[in-house]
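What follows is one structure encoded as structure tokens, with my remarks underneath.
Numbers restart at 1 for each chain; the letters A, B, ... are given by sequence-line order, proteins then strands.
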Number of protein chains: 2
Amino acid sequence: MIKGGKPGRLTLEAAKSVLRGVGMRCTAARIAVIQALEAAESPMTPGSVVDFLCEYGFDKSTIYRSLTELNEAGLVVRLDLGDAVRRFELLPLENDGAPEHPHFMCVDCGKVVCMSGFDVELKGRSRKARSPGIMSEILVRGHCHDCAT
Amino acid sequence: MIKGGKPGRLTLEAAKSVLRGVGMRCTAARIAVIQALEAAESPMTPGSVVDFLCEYGFDKSTIYRSLTELNEAGLVVRLDLGDAVRRFELLPLENDGAPEHPHFMCVDCGKVVCMSGFDVELKGRSRKARSPGIMSEILVRGHCHDCAT
DNA sequence: TCTTATTTGCAACTTAGTTGCAAATGTAGA
DNA sequence: TCTACATTTGCAACTAAGTTGCAAATAAGA
Ligand SMILES: [Mn+2]
Ligand SMILES: [Mn+2]
Ligand SMILES: [Zn+2]
Ligand SMILES: [Zn+2]
């Protein structure tokens, strides 16, 4: 069990059952990664997960591998928020309710905010404007309230 | 002058006058970078510019520096399209008309499309949903028509 | 042409992320 | 509970993108 960050509502047993649910072995590293992501306020960069968990003796390569595997298993989304750094976010576990949502990233301070309350609509300016594909993820960049002059 | 890519409507003299217009010296490297970006169908990664121009004897560090300088001078936008790779796009030169536009990136093939014809609207689901800041750039990710099953 | 500040090429460096492999460990079955 | 085996881990070495310091080259103005 690991300290720091948000209270951390995810018990050890809950983490284990989530892993078993997708047919993955319950290892200390994976549990630690899940708990770290869960305790975080916003999506974490691999670097921040590594920095955090290396303190506890986990190896960098193990953490990268865990993040990738958890992502492949569908437990974690990998966000590409556009500062040339990936971020990982734990998906809602029990309740499938929380919908996909856009993310906002401040170009000044780098803060990432989940825009859970928003839908995005693309409107063609002309009649014949045709969407280039099926959209699945939206990122909004800009200046957060703190950084706006 | 450099071959390959799109026809390339930007003459040598035009490139030079653009550089002078922002008070930058006209060097072979900068002209080559501008022409490469101009000839490209869609925003280029630094890597692709480097690969392309190194063939002509330019040094990697020079190209990175040129891209950064052209960006700082406001001639080139640096897009963070979310595959942990930056991309550079030449801004419309004479006519200031072409508006900022969203970009679409296919998560399968990596293709980037400029969604010049689109506006994006964020709609709060609830009354009290408040935007986290002032949005300035939009990225849509998804599956392009070619890659959609 | 001359002068000087700017820019370039080079090579060395940094840093994030990846990989191969032997040792450690989780899990299913006896 | 113990065993056997496939999976996972730590380590160290590696890769690749991007950066940096510096002496040589060069653009631009006088
Ligand atoms: Mn989110
Ligand atoms: Mn564009
Ligand atoms: Zn901010
Ligand atoms: Zn595609």
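- Take A:K128 and apply the salt bridge (charged side-chain N to carboxylate O under 4.0 Å, His left out) test, not counting sequence neighbours, and it matches no residue.
- Defining each end axis of the helix from C:dT1-D:dA30 to C:dA30-D:dT1 as the rotation carrying four pairs' C1' atoms onto the next four, with five pairs an end, the two axes are found to diverge by 40° to 10 degrees.
- The nucleotide whose nearest atom lies closest to any side-chain atom of A:Y64 is, among C:dT18, C:dG9, C:dT27, C:dT18.
- Between D:dG10 and A:T62, a contact under 4.0 Å exists linking OP1 or OP2 to a side-chain N or O.
- Among the nucleotides D:dT8, C:dT7, D:dG10, the one closest to any side-chain atom of A:S61 is D:dG10.
- Distance B:D59 CG to D:dT19 P: 13 Å, rounded to the nearest Å.
- Closest to the side chain of A:R30, from the set D:dT9, D:dA28, C:dG9, is D:dT9.
- Annotation: the span from B:M105 atom CE to B:H143 atom NE2 amounts to 13.0 Å, rounded to 0.5 Å.
- Counting to the nearest Å, the P atom of C:dT25 and the CG atom of A:L19 are 18 Å from each other.
- A donor-acceptor distance shorter than 3.5 angstrom exists from the side chain of A:H145 to the backbone of B:S131, with no hydrogens or angles considered.
- With sequence neighbours excluded, the residues that form a side chain to side chain contact (heavy atoms under 4.5 Å, CB included) with B:A129 are A:F118, B:S126.
- Where B:P46 and B:R20 each meet DNA chain D at their nearest nucleotide, the meeting point lying more 5' is that of B:P46.
- Heavy-atom nearest nucleotides on DNA chain D were determined for B:M24 and for A:R25, and the one closer to the 5' end corresponds to A:R25.
- Not a single donor-acceptor pair under 3.5 Å links the side chain of B:T62 to the backbone N or O of B:F58.
- Here the side chain of B:A29 is nearest to one of C:dG26, C:dT8, D:dG10, namely C:dT8.
- Taking hydrophobic clusters as Ile, Leu, Val, Met, Phe, Trp and Tyr residues chained together by side-chain heavy-atom distances below 4.5 Å, A:Y56 shares a cluster with A:L10.
- Listed by chain and number, the residues in a side chain to side chain contact (heavy atoms under 4.5 Å, CB included) with A:S48 are A:M44, A:T45 (sequence neighbours excluded).
- Listed for the B:R65 side chain is no donor-acceptor partner under 3.5 Å among the backbone atoms of B:K60.
- Atom-to-atom, CZ of A:F58 to P of D:dC11 comes out at 12 Å; the value is rounded to the nearest Å.
- The base of D:dG18 sits with one of its N or O atoms less than 3.5 Å from a complementary donor or acceptor on the side chain of B:K60.
- For the pair A:K16 NZ and C:dT25 P, the computed distance is 15 Å after rounding to whole Å.
- Of the residues in residues 65-72 of chain B, those with a non-hydrogen atom less than 4.0 angstrom from any atom of DNA chain C are B:R65.
- Residue pairs satisfying the side-chain hydrogen bond (donor to acceptor under 3.5 Å, both in side chains) criterion with at least one member in residues 14-26 of chain A, sequence neighbours excluded, are absent.
- A:A28 comes within 4.0 angstrom of nothing in the nucleic acid, heavy atoms only.
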